[in-house]
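Accompanying notes for the structure given below.
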Amino acid sequence: MFKNSMFKNSNENVTAPVSEGKTYDVKIEDIAQKGDGIARIEGYVIFVPDTAAGEEVTVKITRVLPKYAFATVVE
């Protein structure tokens with residue numbers, strides 16, 4: 001009766017406010033369960049390994065997914 005295409009994930013059309021390969025200045029707001037720092041740009045979560053809460057760092061985005069991204073610190 002209903003086609004699966006009618007129930008598409010609403011995040012499919014959402015675009016991330018960051019782009020892979022670009023750099024951004026961020027503040028690490030929290031630490032994730034696995035130890036990565038968490039920064040946010042426009043509410044969008046960015047995981048940054050080897051950082052501590054409160055740090056202000058420049059990061060380079062390495063992978064962008066619909067709900068979050070991964071980045072590394074630029075030195």
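Nothing fancy with the numbering, it's 1 onward along the sequence.
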Apart from I38 itself, what residues make up its hydrophobic cluster when side-chain heavy atoms of I, L, V, M, F, W and Y under 4.5 Å apart count as a link, directly or indirectly?
V45, F47, L65, Y68, F70
Under the rule for salt bridge (charged side-chain N to carboxylate O under 4.0 Å, His left out), what residues qualify as partners of E29, not counting sequence neighbours?
R40
How long is the gap from CD1 on I28 to CG on D36, to the nearest 0.5 Å?
9.5 Å
List in chain and number order the residues that pass side-chain contact (heavy atoms from CB on, under 4.5 Å) with K27, two or more places apart in sequence or in another chain; answer none if no residue qualifies.
E56
Please, which pairs that meet side chain to side chain donor-acceptor pair (under 3.5 Å) have at least one residue in residues 43-55, sequence neighbours excluded?
none
Output all residues satisfying side chain to side chain donor-acceptor pair (under 3.5 Å) with T58, sequence neighbours left out; order by chain, then residue number.
D25
Taking all heavy atoms of A71 and all of P49, pick out the closest pair and write down the distance.
O-CD, 3.1 Å
Nearest heavy-atom contact between I31 and A53 is CD1-N, 3.7 Å
Would V59 and T72 count as a side-chain contact (heavy atoms from CB on, under 4.5 Å) here? Give the steps.
CA-CA 5 Å; V59 298; T72 56; over 6 Å; no
Less than 4.5 Å apart, side chain to side chain, heavy atoms only: is that true for V26 and V57?
yes
State, yes or no, whether a side-chain contact exists between Y24 and S19 at a heavy-atom distance under 4.5 Å.
yes
Which pair of heavy atoms, one from A69 and one from V18, lies closest together, and at what distance?
CB-CG2, 4.3 Å
